[in-house]
Student: 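Dropping the structure in here first, questions after.
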Amino acid sequence: MQHSFLIETTAEDEKALAHVYRAGGFQFAMNSVVRGLVNSARDQLVRFERDAAAGEGRLLIGDDDTIIRAATAPDAEAREAQTLIRIAQEQAEFLRNQPLTARQLRLGLVDNGFALAQVEAAIDALPDGPEKEKARIEWQYAGEFKRDHPLIVTIAAQLGISAEQFETMWAAAQKL
C-alpha cells in the first residue's frame, strides 16, 4: 500500500499558491498552508510507524523519509508478516533457552521416571578429582540450571536421555 500524492499545477495555480492572502488582519501564502498540512500528515505517519515498531520491540532508525518509504512500500504487508514470524521465532528461542530452577529440574527428572539417586550415581561414577567435586556441588547447591551446562549434558548422557527426549523433558519442566 503506497501513499503518495501528486498535484498537477498550472502556472496560474503556482501564482495562486504563492500569492499572499489577507483575511481578518492575518496574512498567509497558500503554499505555506499546504506545506503545513503535508508536514503534519508526514509527522503523524512517522510517529505511527515508530510507535508500531516500538510495540513490536523494534527501533526505527534513519531519517523520516526512509521510515515513510519503508512503511508505504508495496511489499510492506509481506515484510510485516515476515517480521511477525521472526518475532515469534525469537520468542520461542528465548523461552526454549530459559534456565530451570533446581526444583523444576528434579521434578522433571522424577516425572520422566528417573530417580534422583540415579543422578547421584552418575556423579559418583565420574573420575575422582576437582571436576567430580564441582559436579557434586553444582547438583546440590545450584539454584538454576542452563540447558547447555556441562553437568546437565553429562547427566543426560549418563542416564541415556536422547536429544529429542531432552527437549521434551526440558519444555515440560519449564511449566512446573
Student: Grouping I, L, V, M, F, W and Y whenever their side-chain heavy atoms are under 4.5 Å apart, do Val110 and Ile123 come out in a common cluster?
Tutor: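 Same cluster: Val110 reaches Ile123 through Ile, Leu, Val, Met, Phe, Trp or Tyr contacts under 4.5 Å.
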
Student: side-chain contact (heavy atoms from CB on, under 4.5 Å) for Thr101 and Leu105? Distances and angles first, verdict last.
Tutor: CA-CA 6 Å; Thr101 64; Leu105 179 65; over 6 Å; no

Student: Who else is in the cluster with Val153 when I, L, V, M, F, W and Y are joined by side-chain contacts under 4.5 Å?
Tutor: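 Taking Ile, Leu, Val, Met, Phe, Trp and Tyr as members, Val153 stands alone, with no cluster partners.
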
Student: Kindly give the cluster partners of Leu176, where membership spreads through any ILVMFWY side chain lying under 4.5 Å from a current member.
Tutor: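 Under the 4.5 Å side-chain rule, Leu176 groups with Leu107.
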
Student: Nearest 0.5 Å, what's the CE-CD distance between Met169 and Gln174?
Tutor: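 Going from CE on Met169 over to CD on Gln174, the span is 12.5 Å.
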
Student: Would you say Val119 and Gln158 make side-chain contact, with heavy atoms under 4.5 Å?
Tutor: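 In short, these two side chains do not touch, never coming nearer than 4.5 Å.
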
Student: Which pair of non-hydrogen atoms, one from Ala142 and one from Ala102, has the smallest distance, and what is that distance?
Tutor: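 Ala142 and Ala102 have their closest heavy atoms at O-CB, 3.5 Å.
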
Student: How long is the straight-line distance from CD1 of Ile155 back to NE2 of His149, given to the nearest 0.5 Å?
Tutor: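 Going from the NE2 atom of His149 to the CD1 atom of Ile155 covers 9.5 Å.
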
Student: Can you pull the side chain to side chain donor-acceptor pair (under 3.5 Å) pairs that have at least one residue in residues 125-144, sequence neighbours excluded?
Tutor: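 Every side chain to side chain donor-acceptor pair (under 3.5 Å) pair that includes a residue of residues 125-144, provided the two are not neighbours, is Asp124-Arg136, Asp128-Lys132.
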
Student: Roughly how far, to the nearest 0.5 Å, is CD of Gln104 from CD of Gln98?
Tutor: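 The CD atom of Gln104 is 10.0 Å from CD of Gln98, to the nearest 0.5 Å.
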
Student: To the nearest 0.5 Å, what is the distance between CD (Gln165) and CG (Leu159)?
Tutor: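 That separation rounds to 9.5 Å.
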
Student: To which residues is Leu95 joined in a hydrophobic cluster, defined by side-chain heavy-atom contacts under 4.5 Å among Ile, Leu, Val, Met, Phe, Trp and Tyr, whether direct or through other members?
Tutor: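 Besides Leu95, the cluster holds Phe94.
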
Student: Quick one: which residue pairs count as a salt bridge (Lys or Arg N to Asp or Glu O under 4.0 Å) with a foot in residues 147-165, not counting sequence neighbours?
Tutor: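 Salt bridge (Lys or Arg N to Asp or Glu O under 4.0 Å) check on residues 147-165 returns Arg147-Glu167.
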
Student: Taking all non-hydrogen atoms of both residues into account, name the closest pair between Trp170 and Phe145 and its distance.
Tutor: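 Answer, listing the atom of Trp170 first, then Phe145: CH2-O, 3.3 Å.
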
Student: Considering only distance and modelled atom types, tabulate donor-acceptor pairs under 3.5 Å from the side chains of residues 111-118, sequence neighbours left out.
Tutor:
| unit_1 | atom_1 | unit_2 | atom_2 | d |
| --- | --- | --- | --- | --- |
| Asn112 | ND2 | Gly108 | O | 2.8 |
| Gln118 | OE1 | Ala115 | N | 2.7 |

Student: Starting at CD1 of Ile161, measure out to CZ of Phe166 and round the result to the nearest 0.5 Å.
Tutor: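 One finds 8.0 Å between CD1 of Ile161 and CZ of Phe166.
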
Student: From Gln82 CD over to Gln89 CD, what is the distance, rounded to the nearest 0.5 angstrom?
Tutor: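 One gets 10.5 Å once the value is rounded to the nearest 0.5 Å.
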
